[in-house]
Amino acid sequence: MTAGPIAPGRGAARRRALVERTALLGPGLLYLLAFMAIPIALILVYTIFTRGRFGGVVFTPTLDNFTRALDPIYTAVLGSSLAIAGITTTIALLLGYPTAYAIAMLPKRWRTVALILVVLPFWTNFLIRTYAWIVLLNSEGVVNQALVGAGLIDRPLELLYTRGAVVAGLVYAYLPLMILPVYASIERLDPQLREAAANLGAGRARTFFDVTLPLTLPGVITGALFVFVPSLGNFIVPELLGGGKTVMVGNVIRDQFLKARDWPFGAVLALAVIVFLVVLFVLQSWASRRVSTGGRDA
Amino acid sequence: MRRHVPAPPRATWLVAGALASTLALAACGGSTGGPATSDASSTLPSASLDAKADLSKQSLVVDNWKDYMPADLPANFEKAVGPKVTVSYHATNEEIMAKLTAGTDSGIDVAFVSGPFAQALAAQGLLEPIHPDLVPNLSNLYPEASKLTYDIGNVYSVPYSWGTTGLCYRSDLVKTAPTSWNDLLSPAADVKGKTTMLATDRWLMLPAQKLLGYSANTVDPAELDKVKSTLTATKPTLLAYDDTTFYDRLVSGEAVMVEAWDGWCNYGIAKNPKIKFVVPKEGSDLWADTMVILKTSKNKEAAHAFINYVLDAKVQSWVVENILYKVPNKPAMDAVAAKLAESYPNLGITPTELLKGEGLVDLGAGAPLYSKIVTEVTAS
């Protein structure tokens, strides 16, 4: 910033800009403050108090909740949740990137159609779509009946209520969240860059790995985060498609609040997930910045 | 007969789930045990109520589970007795507890809650003791109905419905009919992979506790350890842990034997009469849903009149016919249960038999122990 006398009128302009910015940001900030900051603050407060006998908290300070959270069973659940979310994200990327690429290569008017098709599932309630998977996969379900009917198998396969079913359900649920940001970054990519690479003698594979992929990495990272975060916290899919036999951290947290009535302990587990996700977001923004500046400012 | 199914489970899972953890969660570990009962009666000075109060000047807010009483009940009550009734709804015991314990007057006069939760409210001094002289229909209740462990003598709650937990199975698809919790916990080869257990802590633990001869309320670490290893060994044999759709699974044949609340097994029987219900020989639990009057109510005479009206045999027999739950109301059961029991035999379970079930009591500081074991079992 240049130091120097501020011209008259500049202060007024700055004030006006401030007012404008406040007016624009205000409603959103207020909303976030009311419905995000306050609940998170409550979670923080709950963590250091004692469970009330009938739910709620008793304001006797304790650090017990934290020591309990370190029990191997909870770290194991967190670990397996991370693994499931990680596998989900990887599969979503492997499926989503080619899809996004193909959509970006379509003629313009077909792109819109394709994008609408991608988000179309969101028009139906998530629970109903998840139940559709049960109808498809259960031992008396459509897939098994078709396979048995076609004589391909003697007895129904165990497709549902497995870890695989949970991953399949999560990939299905969040795949659009991978496709959209990746599509946006591929679509933004200047086609001349690829032409230049080709002119300089790069093959299609080399062009992809040296030009397209690095330049679309921010989209990939965003998409990965969009898939990973809700997968980690999901408790409906493990319950419905995992038959309660696969437990993710979201299930344990939900149970602390709704079944065990152990709010402080639930708050500690929730806090652990929040901290983990914040670290992830920091890494994401750092990585995106690094990628978009080609690593020069790191 | 109109069939009450708690909610079309496939479409509205959350509602059904909520019902699972409430309606039938009657006996859930809210609170219970003798001490709180005496606390309640000693710490609650009962209001002096005027039996001749002009009820038409009073109005009521009643909080209940959706579809748990006749839809025309408020209108009929107003016509017959006078007070206008507004009904509000809760999906879970936890939800109504949050409303009632928030520290301010909730505006609710009468609430339907599961037994242990009624006790929790009483222990906090939030309930008006029931004035028996204002509820003459209390005489409709079976003598056994005043022996429920969460509120012996019905000091501050009046039971609305009650039942137990057992095995619900497809008699045409199992080789031998189950008689023991062991048939669920160590399933025979022909049913392996086709059984489900309830997912809520207390009922997930119940079969192993009863099989091993322990109390369903045990907090003894050695006993709980054995319960845990029994349940862990059972897990690989299960199709799923399921609180909400187990009877549908029986109907489709996806499951052939499930741990089930008696009333919910009836929803399966309604669709396929080959479905049967049995209380295993090792014993089971006893749950009850109750009506309570809030201390903050300004219409306590009307509130008593409402409870009295609900205890009418006609209203209570509606519950049996439509919810397929047993009620602790003798004339109501005498009127409809015998006939219904032909199709739904568990409606024929007598109060004496029910009372053999163990009332689940609040575990106090032991509750987190249960939820930890459940996590260890289900995550194993």
Side-chain angles (χ1 to χ4, degrees), chain A residues 50-56 64-65 68 71-74 76-81 125-128 130-132 134-135 137-141 144 155-156 158 160-162 236 238-249 251-252 254-266 269, chain B residues 9-14 17-18 21 25 28-31 92-95 97-98 101 116-117 119-121 123-124 193-194 196-197 199-202 204 235-236 238-245 249 252-255 362-365 367-380:
Chain A
T50 311
R51 165 186 189 264
R53 190 174 167 203
F54 308 119
D64 246 23
N65 305 311
R68 279 170 60 203
D71 188 286
I73 180 62
Y74 299 113
V77 168
L78 188 62
S80 81
S81 305
N125 181 291
F126 176 61
L127 281 178
I128 295 176
T130 308
Y131 268 112
I134 296 181
V135 173
L137 295 185
N138 81 62
S139 64
E140 306 295 316
N144 267 318
R155 54 162 70 202
E158 208 179 296
L160 203 52
Y161 313 127
T162 58
I236 291 172
E239 179 148 325
L240 294 184
L241 301 184
K245 292 194 289 181
T246 301
V247 177
M248 290 180 68
V249 66
N251 300 79
V252 179
R254 190 266 322 258
D255 288 354
Q256 296 310 317
F257 283 94
L258 294 187
K259 293 183 178 173
R261 281 173 287 140
D262 195 344
W263 294 13
F265 187 52
L269 295 175
Chain B
R10 298 223 176 258
T12 51
W13 173 81
L14 280 179
S21 45
L25 194 137
C28 151
S31 69
T92 65
N93 275 310
E94 280 75 11
E95 198 182 323
M97 289 296 276
T101 58
F117 291 85
Q119 182 166 17
L121 292 169
Q124 294 176 77
K194 295 179 176 177
T196 71
M197 289 178 74
T200 304
D201 306 29
R202 301 302 295 273
L204 198 153
K235 189 196 169 196
L238 294 177
L239 177 68
Y241 295 100
D242 184 355
D243 267 353
T244 49
T245 60
R249 295 181 194 277
S252 76
E254 189 192 356
D362 184 50
L363 302 165
L369 223 55
Y370 274 47
S371 65
K372 181 168 177 233
I373 290 178
V374 166
T375 305
E376 285 172 328
V377 169
T378 53
S380 69

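Worth saying up front: this structure is predicted, and the values here are computed from it rather than measured.
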Trainee: Can you tell which part of A/N251 gets under 4.5 Å to a heavy atom of chain B, answering side chain, backbone, both or neither?
Mentor: neither

Trainee: Among B/D201, B/T196, B/L238, single out the residue with the greatest number of heavy-atom pairs under 4.5 Å to chain A.
Mentor: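 It is B/L238.
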
Trainee: So how far is it from A/R51 CZ to A/D64 CG, rounded to the nearest 0.5 Å?
Mentor: 13.0 Å

Trainee: Of the non-hydrogen atoms in B/L204 and B/M197, which two are nearest, and what is the gap between them?
Mentor: O-CE, 3.4 Å

Trainee: Report which part of A/F265 has an atom under 4.5 Å of a heavy atom belonging to chain B: side chain, backbone, both, or neither.
Mentor: neither

Trainee: Determine the minimum heavy-atom distance between B/Y241 and B/A199, stating which atoms define it.
Mentor: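 Closest approach of B/Y241 to B/A199, heavy atoms only: CB-CB, 4.0 Å.
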
Trainee: At a heavy-atom separation under 4.5 Å, does A/E158 approach chain B through its side chain, its backbone, both, or neither?
Mentor: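 No part of A/E158 comes within 4.5 Å of chain B.
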
Trainee: Verify the neighbour count for atom CD of B/E95: are there more than 12 heavy atoms of other residues, nucleotides or ligands below 6.0 Å?
Mentor: yes

Trainee: Please state whether the side chain, the backbone, both or neither of B/K194 comes within less than 4.5 Å of a heavy atom of chain A.
Mentor: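 When you check distances to chain A, no heavy atom of B/K194 falls under 4.5 Å.
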
Trainee: Determine the minimum heavy-atom distance between B/D242 and B/T245, stating which atoms define it.
Mentor: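 So the minimum-distance heavy-atom pair works out to OD2-OG1, 2.5 Å.
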
